Amino acid sequence: MSDIPQDITHDQYAVRLQKLQDMRAAGFDPFRANCEQTYFSADAMKLHVEGQDNIVAVKVAGRLVVIRDMGKSHFVKIFDQQGQIQLYVKKDVVGEETYVAFKKLDLGDIIGAEGTLFKTKTGEITVRVEKYTLVAKALRPLPGNWHGLADPEQIYRQRYLDLIVNPESRERLMLRSRIVASVRRTLAERQFLEVETPVLEGVAGGAAARPFVTHHNALGTDFFLRIALELRLKRLLVGGYDRVFELGRIFRNEGISRKHNPEFTMLEVYQAYSDFRGMMVLIRAIIQDICRDVLGKFELVHTASGQVINFAGEWREARYFDLINEAVGSKLSALRDTPGYREAAIVAAQKLGLDVHAGWETFEVVNEIFSKKIEPALIQPTFVTHLPKELCPLAKLNREDAGLIDVFELCIGGMEIAPAYSEQNDPFVQREMFLAQAGEDQQKMDTDFLLALEHGMPPAGGMGVGIDRLCILLTGAESIRDVILFPSLRPTGAK
RNA sequence: GGCUUCCUAGCUCAAUGGUAGAGCAGUUGACUCUUAAUCAAUUGGUUCCGGGUUCGAGUCCCGGGGGAACCA
C-alpha cells in the first residue's frame, strides 16, 4: 500500500467510476433516477416561435455528445431518437451547487433536462436549462464522434456505438424500419392479413437451401429452421385466407457474403384468384409507395454502377430466353427441344468465359449465363418472365409452352429482388414436379403440403421479396451487413 | 473451404529492422452565446495472442484468433 494516490487520470473508465462512487457516497445514484421526456429533440425545436425566447418549456432527455465548457456557462448537446439538441447551462440560472455537479458530467452520460427554448445569436434553437438529472452514467468513453467509428468489426459487434457516432448508419437503419412499415401499410390497404407461421419445421421446404438443424428435447426429435414461408402460407389459402402475407426471418445454412446473411428477412405474399401478373401490380405498388412515402423520390443513384434507377411508371418486361439469346448473340433458345441444345448451351457459356461444371443439367448451364451475365446488368426494374420450368417446381406451367412457367423474377440494381409465380395448385402436377427435380438445387418433398393441395387450393399469385436486398437497393448500402442491425459474426469472447 | 489483406493509446491514424508518435478524448487551469469552441500545461502503450530469426522485431518468418475483399 502506498499513501500516494495511484494516478488514474489517464484511465477514463477509472475516472468515471470514481465519479460514480463519489456521487453514491454523497447520496445520489444515477441508476436509480429517471426523468421525463415531453418532446424529442426535433419536435421540441419546432415549438420555438421566432422572436419569443424563454417562453416555451420543454423536458428533453438523451446522451451527452458535445460538451463546451465556457467557465461559468456550458453549451452541450444531447442526442435522442430524433437527433441532437443544444442545451445552455448557465451558473446564474441553475445555481452554484447544480452547476458544480454539471461540470463533472462526461461525454456519453445520459441526462434529462428541463427549461425554456431560445435562439442563440448564431441562430441555434437551444434549451436554457433550469433543472437537469443524470439518469445513467456512462462508464466507458464514446468513440470519438468527429472521426466516428471506422473499425468494421466494432461497428458490427458493438452496433450501439456505431448508431451513436456514425449518423449514416443510424439513418440507413432507421430507413429500413420505415421501409418495412410502408410495406405493411401497402398490404393492409389491400386487405392482406399478416400471419405468423412456425420457424421450427419437420421438413424445410419451399426453397432449395441447406437448413439449420436444432433439437427439441421433450419431443426427442430434430427440427429444421425454415428456409422459406411458402408452403405454410399456401396451406392458409387452402384454409380460406384469400390474401395473406408474412414478414419473417428465414434461415439458410450457407456462406456469408456481401449479399448473404445466414438469417434474413423475407416477405411472402399470396393472393387467391390472382396470378403472377397480379403480383407485378402489387410489387410495383409496394416499391412505389416506399418511393413516395419514405424516400420522397422515384429516382435513386445505384451505388455500384452510378446509374440512375427510375422506379416511376410501368416497368420493363423481358422474356428469359430473349435475354439469353441476346447475351449469347445467337438463337440458342430455338434449339431448346433438340438434341444439340446441351452442347450449344455449354459452348455459349464457355464463350462468355463461364466455368461449366460437368454434372450440371442443361438448364443449370443456361441459368449460369443468366445469373452471371444478365442479372448483374439489369439495373432498371425489369420483370424477367417465361423462365424454364426446372427453376421453380412450385409454379404453374405456361399454357402455350409447357417447358416454361408463369412466373417473373424482378431484377433491380443487378440483384434479384422478388420472384413471383402463378402458384401450382394441381396436386398431381405438383407431386410430379417435386419428383422430377434434378440438378444441384432440390426442394424437399412435403407430403403434408400435397395432402393440403388435394383438398383444393384456389388459383393464386404468390411472391417473395428479399427485404434485406430491397433495403440495400433503396438505402444505397454496399453490403447486407449495413442494413441488418446485428449481422451474423463468428462468436467470440468479450473483447 | 481457397487466395489476398488488415489488427498500434478510449477513437482516427503515423512510425527504412534501430529510443513507439500525432490529432481528438482524458487530467489540471483560464474563459457567462459556443458550433470540430479557443488558450496554456499534461497523463496515457501486453503494438490481437504464442513461438522463431536477429546484437536489436510494431515491422521479417511460422502457428493461432478475429475482421474485410475476391473466389467457391
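Below, read A as the first sequence line, B as the second, and so on, with proteins coming before strands; counting in each chain starts at 1. This structure is a prediction, so every number in the text was calculated from the model and none was measured.
Dashed line: the shortest gap from a side-chain N or O of Lys90(A) to OP1 or OP2 of C33(B) is not under 4.0 Å. Taking only side-chain nitrogens and oxygens, Gln154(A) comes nearer than 4.0 Å to OP1 or OP2 of C11(B).
Between the side chains of Tyr88(A) and Gln86(A), no donor-acceptor pair is found at a separation under 3.5 Å. Side chains of Asn367(A) and Tyr320(A): a donor-acceptor N/O pair is present below 3.5 angstrom, by distance only.
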Check the interface with nucleotides 38-42 of chain B: list each N/O to N/O pair with the protein under 3.5 Å, or write none.
none

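Residues that satisfy the ring-ring contact (aromatic ring centres under 6.0 Å, His included) test with Phe224(A), not counting sequence neighbours, are absent from this structure. Partners of His48(A) according to the ring-ring contact (aromatic ring centres under 6.0 Å, His included) rule, which considers only residues two or more places apart in sequence or in another chain, do not exist here.
Salt bridge status for Glu416(A) with Arg469(A): absent, with no side-chain N to carboxylate O gap under 4.0 Å. Salt bridge annotation for Arg159(A)-Asp162(A): present, with a cationic side-chain nitrogen under 4.0 angstrom from a carboxylate oxygen.
Sorted by first and then second residue, the pairs that involve residues 84-96 of chain A and meet salt bridge (charged side-chain N to carboxylate O under 4.0 Å, His left out), not counting sequence neighbours, are Lys91(A)-Glu96(A).
Gln380(A) places a side-chain N or O within donor-acceptor distance of the main-chain N or O of Val308(A), the cut-off being under 3.5 Å.
Nucleic acid contact for Phe118(A): base, since at least one base atom lies under 4.0 Å from a heavy atom of the residue. Nucleic acid contact class of Lys259(A) (heavy atoms, under 4.0 Å, all strands): none. Gly144(A) comes within 4.0 angstrom of sugar-phosphate atoms only, judged by non-hydrogen atoms across all strands, and of no base.
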Strand RNA chain B as a dot-bracket string - pairs counted if Watson-Crick or G-U with both distances under 3.5 Å, | where the partner lies in another strand:
((.((((..((((....[..)))).(((((.......))))).....(((((..]....))))))))).)).
Verify side-chain contact (heavy atoms from CB on, under 4.5 Å) between Thr116(A) and Ile55(A), making sure each step is shown before the conclusion.
CA-CA 6 Å; Thr116(A) 52; Ile55(A) 292 171; over 6 Å; no
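When each of Arg226(A), Arg232(A), Lys444(A) is paired with Glu201(A), the salt bridge (charged side-chain N to carboxylate O under 4.0 Å, His left out) condition holds for Arg232(A) and for no other.
Ring pair Phe311(A)/Trp315(A) is perpendicular by interplanar angle, where above 60° counts as perpendicular and below 30° as parallel.
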Can you give one letter per nucleotide of nucleotides 67-72 of chain B, going 5' to 3': B for a protein heavy atom under 4.0 Å from the base, S for sugar-phosphate only, - for none?
SSSS--
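Side chain Gln86(A) to base U34(B): a donor-acceptor pair is found below 3.5 Å.
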